[in-house]
Amino acid sequence: RSSDLMLLEDMLLEMGCVVIGVATNVEDAIGRISLVGLDGAILDLNLNGRPSYPAAQALTERSRPFIFSTGYGVAGVPEEFSAIPVLAKPFPQADLERALSIAFATGGRNIPQ
């Protein structure tokens, strides 16, 4: 695992979150989204060289809150996901907490279906 991923996991654990897994590609992400007990997700816009939009759509269909994490900024997010909080990498824990608070406050209902 990359040091960035380990840092993110550490931040989440420090915030009291339970990390149920890490997906490195779109198919794995979609498979994990169907897991019982998944309350939300942090999606990198780029999963192993492919856009994560199919995983974002799967989260939307299940009304699961999520945030995007990207080095590209909001410019890389399509209009259909413009209401999703975006964390520009690298980010401090305070920004992660704020983005998750926004995403979970809406319960995944901030996305047009």
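Predicted model, so just to flag it, every value in this text is computed and none were measured. The chain is numbered in sequence order, starting from 1.
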*Please list all pairs passing the side chain to side chain donor-acceptor pair (under 3.5 Å) test where one or both residues lie in residues 38-51, with sequence neighbours left out.*
Glu27-Arg50, Asp44-Lys89
*Over all atoms of both residues, closest heavy-atom pair of Asp95 and Leu87*: O-CD2, 3.5 Å
_Phe68 vs Val77 side-chain heavy atoms within contact, under 4.5 Å_ = yes
*Rounded distance (nearest 0.5 Å) linking atom SG of Cys17 with atom CD of Glu9*: 11.5 Å
*Considering all heavy atoms of both residues, which atom of Ala55 and which atom of Ile30 are nearest to each other, and what is their separation?*
CA-CG1, 3.9 Å
*Side-chain contact test, heavy atoms from C-beta onward, threshold under 4.5 Å: evaluate it for Phe91 versus Arg98 and give yes or no.*
no
*Is there side-chain contact between Val86 and Thr70, with at least one heavy-atom pair below 4.5 Å?*
yes
*Is a side-chain donor or acceptor of Arg64 paired with a backbone partner of Thr60 at a separation under 3.5 angstrom?*
no
*Using the six-membered ring wherever Trp is involved, compare the ring planes of Tyr53 and Phe81 and label them parallel, tilted or perpendicular (cut-offs 30° and 60°).*
parallel
*Do the side chains of Ile84 and Leu43 get nearer than 4.5 Å, heavy atoms only?*
no
_Distance-minimising heavy-atom pair for Ile102 and Pro85_ = CG2-CG, 3.7 Å
*Using the side chain to side chain contact (heavy atoms under 4.5 Å, CB included) rule, take Leu59 and Leu38 through it: C-alpha gap first, then chi angles, then the decisive distance, then the call.*
CA-CA 10 Å; Leu59 287 160; Leu38 177 74; 4.1 Å; yes
*Spell out, yes or no, whether Met6 and Leu47 are grouped together once hydrophobic residues are joined by side-chain heavy atoms under 4.5 Å, including indirect joins.*
no
*Closest heavy-atom contact between Val26 and Pro51?*
CG2-O, 3.4 Å
*asked:* Run the side-chain hydrogen bond (donor to acceptor under 3.5 Å, both in side chains) test against Gln93 and tell me which residues pass, sequence neighbours left out.
replied: Glu97
*Under a 4.5 Å cut-off applied to non-hydrogen side-chain atoms, are Leu12 and Leu100 in contact?*
yes
*Please examine the side chains of Ile42 and Leu96, heavy atoms only from C-beta on, and report whether any two atoms are closer than 4.5 Å.*
yes
*Is there side-chain contact between Arg62 and Ile33, with heavy atoms separated by less than 4.5 Å?*
yes
*Over all heavy atoms of both residues, which pair between Pro65 and Ala103 is shortest? Give the atoms and the distance, please.*
CB-O, 3.3 Å
